[in-house]
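None of the values given here were measured: they were computed from a predicted structure.
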Amino acid sequence: MGHLPDGVLRAPGPSSVSLTDLPTPLGDHNMHDRKPVQSWLTDMDGVLVHEGQPVPGAPEFVKRLRASGKPFLVLTNNSIYTPRDLQARLNRMGLDVPEEAIWSSALATAQFLADQRPGGTAYAIGEAGLTTALHAVGYVLSDFAPDYVVLGETRTYSFEAITKAIRLINDGARFICTNPDATGPSVEGALPAAGSVAAMISKATGVEPYFVGKPNPMMMRSALNTIEAHSESTAMIGDRMDTDILCGLEAGLETILVLTGISTRAEAERYPYRPSRIVNSVADLIDEI
């Protein structure tokens with residue numbers, strides 16, 4: 001079978017690839033083909049919280065998840081905060097999410113590096129979410145001939161740090177970025193995020209980074225492994241077609257788009273791939289858990 005652009009599943013035909021290895025068939029009419037959902041992955045911003053407030057129904061959704069005993073993880077591409085920081089932030093908004101149920105691009109990046117090159121060294125640009133995750137997997141942070149330059153999110157990108165990263169990459173360090181997001185939200189408007197800074201470093205070095213966070217299916221697979229879940233019985237809830245839904249689809253999960261964040265129903269129709277279904281918010285999913 002040839003390359004399937006953007007995870008689109010064509011009509012089955014003679015092939016050496018098992019259909020079970022491919023993304024879920026699309027559309028509500030295929031829902032009966034999937035196993036019942038036993039594990040849940042959900043994005044955070046735009047799904048559970050929006051502009052500093054809980055999405056209506058989100059506290060009840062999380063409460064039902066916890067009561068069900070089903071494994072779940074709250075995912076975020078933001079690598080600034082540690083799970084403990086995010087737990088406190090969510091708790092202030094009435095969302096009782098355990099620390100161990102939070103999975104960030106920083107944690108996924110650290111796990112990826114630990115698998116690739118155990119006990120390695122890295123020059124990290126980022127905040128506590130990234131540096132804590134790297135320390136936790138036994139990495140040493142160093143600017144002396146590091147194995148990797150790891151770029152994460154920070155509110156205070158330093159020109160000096162970026163210059164050092166460029167020189168280390170030119171000297172042979174491998175370039176990793178926690179997530180490809182070009183901008184991040186703030187009260188005043190958009191902020192440049194890791195993807196934008198990565199583009200600047202790439203322009204200066206000619207080296208493209210490996211992005212670990214969404215929409216890389218690596219983020220989903222590391223999350224599934226963390227809760228020992230299987231793709232065929234796991235659902236991914238997200239508010240962005242280009243990250244959450246694409247990532248879930250390529251990892252073989254059921255994908256549910258909620259309309260409380262970025263993507264609208266009309267915008268979703270413009271993509272060459274579709275979510276398994278679209279619901280107004282997580283409040284519509286409470287009775288399914």
task = Step by step, work out the side-chain contact (heavy atoms from CB on, under 4.5 Å) result for Val55 and Val47.
result = CA-CA 7 Å; Val55 168; Val47 177; over 6 Å; no
Beyond-backbone contact of Tyr157 with Leu151, side-chain heavy atoms, under 4.5 angstrom = yes
Close side-chain approach of Leu141 to Pro146, heavy-atom, < 4.5 Å = no
task = Identify the heavy atoms of Ala268 and Ile278 that sit nearest to each other, and give their distance.
result = CB-CD1, 4.2 Å
task = Taking the side chain as every heavy atom from C-beta outward, state whether Leu95 and Phe61 have any atom pair closer than 4.5 Å.
result = no
message = Hydrophobic clusters here meaning ILVMFWY residues chained together by side-chain heavy-atom distances under 4.5 Å, can you tell me if Tyr210 and Leu113 are in one?
response = yes
key: Check: Thr255 side chain, Met236 main-chain N or O, donor-acceptor pair, under 3.5 Å   = no
request  = For Trp103 and Ser222, run side-chain contact (heavy atoms from CB on, under 4.5 Å): C-alpha distance rounded to whole Å, both residues' side-chain angles, the deciding distance at 0.1 Å, then the answer.
outcome  = CA-CA 9 Å; Trp103 190 247; Ser222 63; 3.0 Å; yes
Test applied, side chain to side chain donor-acceptor pair (under 3.5 Å); reference residue, Glu127; option that passes from Asn78, Thr156, Thr154 = Thr154
query = Charged N to carboxylate O under 4.0 angstrom, Lys214 versus Asp239?
reply = no
ask   = How close do Glu153 and Thr178 get, heavy atom to heavy atom, and via which atoms?
value = N-OG1, 4.2 Å
ask   = So, does Ser79 use its side chain to make a donor-acceptor pair with the main chain of Ala106 at under 3.5 Å?
value = no
ask   = Does a side-chain heavy-atom distance below 4.5 Å link Leu224 with Leu41?
value = yes
Linked, directly or transitively: Val279 and Ile237 (ILVMFWY side chains, under 4.5 Å) = yes
inquiry  = Count I, L, V, M, F, W, Y as connected when their side-chain heavy atoms are under 4.5 Å apart, and connections chain through other members. Are Ile256 and Val37 then in the same cluster?
reply    = yes
Smallest separation among heavy atoms of Ala133 and Ala110, with atom names = O-CB, 3.4 Å
message = Against Glu60, only a single residue in Ile286, Leu65, Val282 fulfils side-chain contact (heavy atoms from CB on, under 4.5 Å); can you say which?
response = Ile286
message = Return the OG1 to CZ distance between Thr42 and Phe72, rounded to the nearest 0.5 Å.
response = 9.5 Å
ask   = Does NZ belonging to Lys63 count more than 12 external heavy atoms closer than 6.0 Å?
value = no
request  = Spell out, as yes or no, whether a donor-acceptor pair under 3.5 Å connects the side chain of Thr234 to the backbone of Trp40.
outcome  = no
inquiry  = Distance alone, cut at 3.5 Å: any donor-acceptor contact between the side chains of Gln87 and Asn91?
reply    = no
task = Apply the test side-chain contact (heavy atoms from CB on, under 4.5 Å) to residues Tyr148 and Thr109: give CA-CA distance (whole Å), side-chain angles for both, the deciding distance (0.1 Å), then the verdict.
result = CA-CA 11 Å; Tyr148 297 97; Thr109 298; over 6 Å; no
query = Is there a donor-acceptor contact under 3.5 Å from the side chain of Glu267 to the main chain of Thr264?
reply = yes
task = Applying side-chain contact (heavy atoms from CB on, under 4.5 Å), run through Leu90 and Met44 and close with a yes or a no.
result = CA-CA 9 Å; Leu90 292 169; Met44 185 170 67; 3.8 Å; yes
query = Looking at Ser105 and Gly213, what are the two nearest heavy atoms and their distance?
reply = CB-CA, 4.2 Å
ask   = Roughly how far, to the nearest 0.5 Å, is CG of Leu86 from CD1 of Ile102?
value = 5.0 Å
Under 3.5 Å donor-acceptor, Asp147 side chain and Thr121 backbone = yes
query = Roughly how far, to the nearest 0.5 Å, is the CG atom of Leu191 from the CZ atom of Arg155?
reply = 5.5 Å
ask   = CD/Glu250 to OG/Ser231 distance, rounded to the nearest 0.5 angstrom?
value = 13.5 Å
key: Where Asp284 and Asn280 come nearest, the two heavy atoms and their spacing   = OD2-N, 3.0 Å
ask   = Got Lys203 and Ile166 here, is their nearest side-chain heavy-atom distance under 4.5 Å?
value = no
message = Assess whether a salt bridge exists between Arg240 and Asp43, defined as any Lys/Arg side-chain N lying under 4.0 Å from an Asp/Glu carboxylate O.
response = no
message = Taking the side chain as everything from C-beta on, heavy atoms only, tell me whether Pro180 gets closer than 4.5 Å to Pro215.
response = yes
task = Apply the side-chain contact (heavy atoms from CB on, under 4.5 Å) test between Phe112 and each candidate in Val137, Asn216, Leu107, Ile176; give the one that qualifies.
result = Ile176
key: Side-chain heavy-atom pair Ser202, Phe175 within 4.5 angstrom cut-off   = yes
message = Taking Val150 as the starting point, is it possible to reach Met218 by hopping between hydrophobic residues whose side chains are less than 4.5 Å apart?
response = yes
Side-chain (Thr132) to main-chain (Thr82) donor-acceptor, under 3.5 angstrom = no
task = Could you pull out the closest heavy-atom pair between Pro71 and Gln38, with the gap in Å?
result = CD-O, 3.4 Å
Atom pair OG (Ser39) and CD (Glu254), whose distance is rounded to the nearest 0.5 Å = 12.0 Å
request  = Taking the side chain as every heavy atom from C-beta outward, state whether Arg174 and Arg117 have any pair of such atoms under 4.5 Å apart.
outcome  = yes
query = What distance separates Ile169 CD1 from Ile201 CD1, expressed to the nearest 0.5 Å?
reply = 5.5 Å
message = Are Val207 and Val197 linked, directly or through intermediate hydrophobic residues, by side-chain heavy-atom contacts shorter than 4.5 Å (ILVMFWY only)?
response = yes
